[in-house]
A.B. asks: 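Sharing a structure, written as structure tokens. Questions coming.
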Amino acid sequence: MKIRPARLQQGDIVGLVNLSSPLQQEALGDKLAFLEQLGLRYKLGNTIQSGAGYLAGTDEERIADFHAMVQDPEVKAIFLVKGGYGIARIVDKISYPLLEDNPKIIWGFSDVTALHTQVNEFANLVTFHGPMLSSPQGELDELSQKMFQQLFQPIEIEYTESIAPLTTIVGGAVRGGLTGGNLNRIIGTLGTKFEIDVRNKILVLEDIGESIEQLDHMMNHLRLARKLEQAAGFVIGDFNMPDDTYRYEDVIQMITDYLKPLQKPTVAGFKIGHCTPNIAIPLGVDAILDADEKTLRILPGVQ
């Protein structure tokens, strides 16, 4: 059982950092007001306003900002406010024992997948795959906003077709730890010390802006690395395509070609990823995927 961070309380302080691509602070817009509506206060990390070319500061600056928030006793949660690229450059420099000794909520998605997989593994800590405060989708919709409530009390999430239609690729039911996120960032771990561990776990996959050929390449890479055969089941999230050449249905058919022969419970169509709504989920906790009933039940991520 991984460590579940303490739940948030009204009046708590959350730390806002950027470990990926540069951010214009104005992009946070009314998201800061949203935090206040949740009853939270916030501290802005130095990386919110810094930049070094295509990164939100040097590697050393971004690591220092993250570690400062981890060590700050006033900060109860760390929200990564932007994706893009950059976290993979520092995963080998982060102090995971420091985070294990100071467990707190970590929230974000996309490029943050590179952090989620490592914190789950090396700090033994549950993290949260949820929408950024500088989301490219603009203002957070009502359902995405509602997902922040899981940080204030231990809520078991039950995802059904009441949110959006789901497609069963392989039937059956399975229970396992939830892991994964952005396909591109998962592929980046293969062959390294930080290679994602999917053994007997339910693997979540999503991505944005990749051609179907590139997505096929990445799925085949997972296959050759034996990650597909090691996983217990699959939750297929959103795949935002770069143009009108291919449809989401084409992507799902390609993914089906890889996953159906494995005969492990697999469901596609989850609004998880670069989409609206973006359903936030804890990673590192147990979940039950019932592909016949098209339901995903996830244990609480906080205590």
Side-chain angles (χ1 to χ4, degrees), residues 2-20 23-49 56 65-83 99 101-110 112 115-116 119 123 125-159 162-163 178 271-273 275-285 298-303:
K2 297 193 182 299
I3 301 168
R4 290 184 297 156
R7 72 188 77 176
L8 293 179
Q9 307 287 340
Q10 295 291 307
D12 276 350
I13 294 175
V14 298
L16 308 185
V17 299
N18 183 14
L19 305 185
S20 302
L23 169 77
Q24 296 295 326
Q25 189 170 338
E26 311 85 69
L28 291 176
D30 57 4
K31 308 295 175 43
L32 297 180
F34 169 64
L35 291 179
E36 293 173 349
Q37 291 171 18
L38 290 174
L40 299 172
R41 296 177 291 158
Y42 56 85
K43 285 187 178 181
L44 299 180
N46 294 328
T47 51
I48 296 299
Q49 301 184 57
D65 209 21
F66 182 68
H67 283 167
M69 292 297 184
V70 173
Q71 292 176 293
D72 190 333
E74 289 188 332
V75 172
K76 306 304 180 185
I78 303 173
F79 288 176
L80 287 88
V81 300
K82 193 175 187 296
L99 190 52
D101 291 340
N102 299 274
K104 52 189 67 178
I105 291 163
I106 294 177
W107 179 285
F109 83 113
S110 193
V112 186
L115 182 63
H116 286 313
V119 172
L125 179 65
V126 172
T127 59
F128 293 83
H129 185 283
M132 306 287 199
L133 294 181
S134 63
S135 171
Q137 280 75 37
E139 183 179 353
L140 291 175
D141 64 284
E142 184 177 351
L143 186 52
S144 298
Q145 290 184 19
K146 186 177 179 181
M147 299 308 297
F148 284 81
Q149 294 303 317
Q150 67 184 287
L151 303 181
F152 292 87
Q153 54 184 317
I155 298 173
E156 181 175 308
I157 296 172
E158 183 171 13
Y159 193 119
S162 62
I163 297 173
L178 208 55
K271 288 293 185 179
I272 297 173
C275 54
T276 301
N278 181 358
I279 302 300
I281 56 173
L283 297 174
V285 300
I298 310 171
L299 291 180
V302 298
Q303 58 180 338

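Along the sequence shown, residues are numbered consecutively beginning with 1.
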A.B. asks: Ring pair (Phe, Tyr, Trp, His ring centres under 6.0 Å) with H129: which residues, sequence neighbours excluded?
C.D. replies: F109
A.B. asks: Going through the checks in order, is the side chain to side chain contact (heavy atoms under 4.5 Å, CB included) test met by N18 and S20?
C.D. replies: CA-CA 6 Å; N18 183 14; S20 302; 4.0 Å; yes
A.B. asks: Distance check, rounded to the nearest 0.5 Å: Q10 atom CD versus R41 atom CZ?
C.D. replies: 11.5 Å
A.B. asks: Measure the shortest side-chain to side-chain distance between L299 and L178 over non-hydrogen atoms and say whether it is less than 4.5 angstrom.
C.D. replies: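 The answer is no; the side chains never approach within 4.5 Å.
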A.B. asks: Give a yes or no on whether the backbone of M132 and the side-chain of W107 come within a donor-acceptor separation of less than 3.5 Å.
C.D. replies: no
A.B. asks: Quick one: are P282 and I298 in side-chain contact, heavy atoms under 4.5 Å?
C.D. replies: yes
A.B. asks: Quick one: pull up CG in L16 and CG in D65 and give me the separation to the nearest 0.5 Å.
C.D. replies: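 L16 atom CG to D65 atom CG measures 10.0 Å (nearest 0.5 Å).
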A.B. asks: Restricting to pairs with a member in residues 3-12, which pass salt bridge (charged side-chain N to carboxylate O under 4.0 Å, His left out), not counting sequence neighbours?
C.D. replies: none
A.B. asks: Indicate yes or no for a side-chain donor-acceptor contact from Q49 to the backbone of L44 under 3.5 Å, with no hydrogens or angles considered.
C.D. replies: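 Such a contact is absent between Q49 side chain and L44 backbone.
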A.B. asks: Is L151 close to L38 at the side-chain level, that is, under 4.5 Å between some pair of heavy atoms?
C.D. replies: no
A.B. asks: Measuring from atom CD1 of I13 to atom OH of Y42, what distance do you get when rounded to the nearest 0.5 angstrom?
C.D. replies: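 It is 11.5 Å, given to the nearest 0.5 Å.
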A.B. asks: Report yes if the side chains of K2 and L125 come closer than 4.5 Å at any heavy-atom pair, otherwise no.
C.D. replies: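 In short, these two side chains do not touch, never coming nearer than 4.5 Å.
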A.B. asks: Would a 4.5 Å heavy-atom cut-off, applied to side chains only, mark I106 and L115 as touching?
C.D. replies: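 I106 reaches L115 side chain to side chain.
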A.B. asks: I157 vs M147, test: side chain to side chain contact (heavy atoms under 4.5 Å, CB included). Steps then yes/no.
C.D. replies: CA-CA 9 Å; I157 296 172; M147 299 308 297; 4.0 Å; yes
A.B. asks: If every non-hydrogen atom of V126 is compared with every non-hydrogen atom of G301, which pair is closest and at what distance?
C.D. replies: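 Minimum heavy-atom separation between V126 and G301: CG1-O, 3.7 Å.
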A.B. asks: Tell me which donor-acceptor pairs under 3.5 Å the side chains of residues 70-81 have, and how far apart each pair is, sequence neighbours excluded?
C.D. replies:
residue, atom, partner, partner atom, Å
D72, OD1, E74, N, 2.9
D72, OD2, K43, NZ, 2.6
E74, OE1, K43, NZ, 2.9
K76, NZ, P73, O, 3.0

A.B. asks: Who are the side chain to side chain contact (heavy atoms under 4.5 Å, CB included) partners of P277, not counting sequence neighbours?
C.D. replies: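 Partners of P277 by the side chain to side chain contact (heavy atoms under 4.5 Å, CB included) criterion, ordered by chain and then number, come out as D141, L143, S144, I163, K271, I279.
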A.B. asks: Between atom NZ of K82 and atom OG1 of T47, what is the distance when rounded to the nearest 0.5 Å?
C.D. replies: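 K82 NZ to T47 OG1: 12.0 Å, rounded to 0.5 Å.
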A.B. asks: Who are the ring pair (Phe, Tyr, Trp, His ring centres under 6.0 Å) partners of F152, not counting sequence neighbours?
C.D. replies: none
A.B. asks: With sequence neighbours excluded, tell me which residues meet salt bridge (Lys or Arg N to Asp or Glu O under 4.0 Å) with K146.
C.D. replies: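 Partners of K146 under the salt bridge (Lys or Arg N to Asp or Glu O under 4.0 Å) test: none.
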A.B. asks: Which heavy atom of Q150 sits nearest a heavy atom of I155, and at what distance?
C.D. replies: CA-CD1, 3.8 Å
A.B. asks: Treating Q145 as the side-chain partner and L140 as the backbone partner, does any N or O pair qualify as donor plus acceptor under 3.5 Å?
C.D. replies: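 Yes.
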A.B. asks: Any idea which heavy atoms bring K104 and P5 closest together, and the distance?
C.D. replies: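 For K104 and P5, the tightest heavy-atom pair comes out as C-CB, 3.6 Å.
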A.B. asks: Can you check whether S134 reaches K31 side chain to side chain, under 4.5 Å on heavy atoms?
C.D. replies: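 A side-chain contact under 4.5 Å is absent here.
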A.B. asks: Taking side chain as C-beta onward, heavy atoms only, is L133 less than 4.5 Å from L35?
C.D. replies: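 Yes. Closest side-chain heavy atoms under 4.5 Å.
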A.B. asks: Would you check if P300 and V285 make a side-chain contact, meaning some heavy-atom pair closer than 4.5 Å?
C.D. replies: no
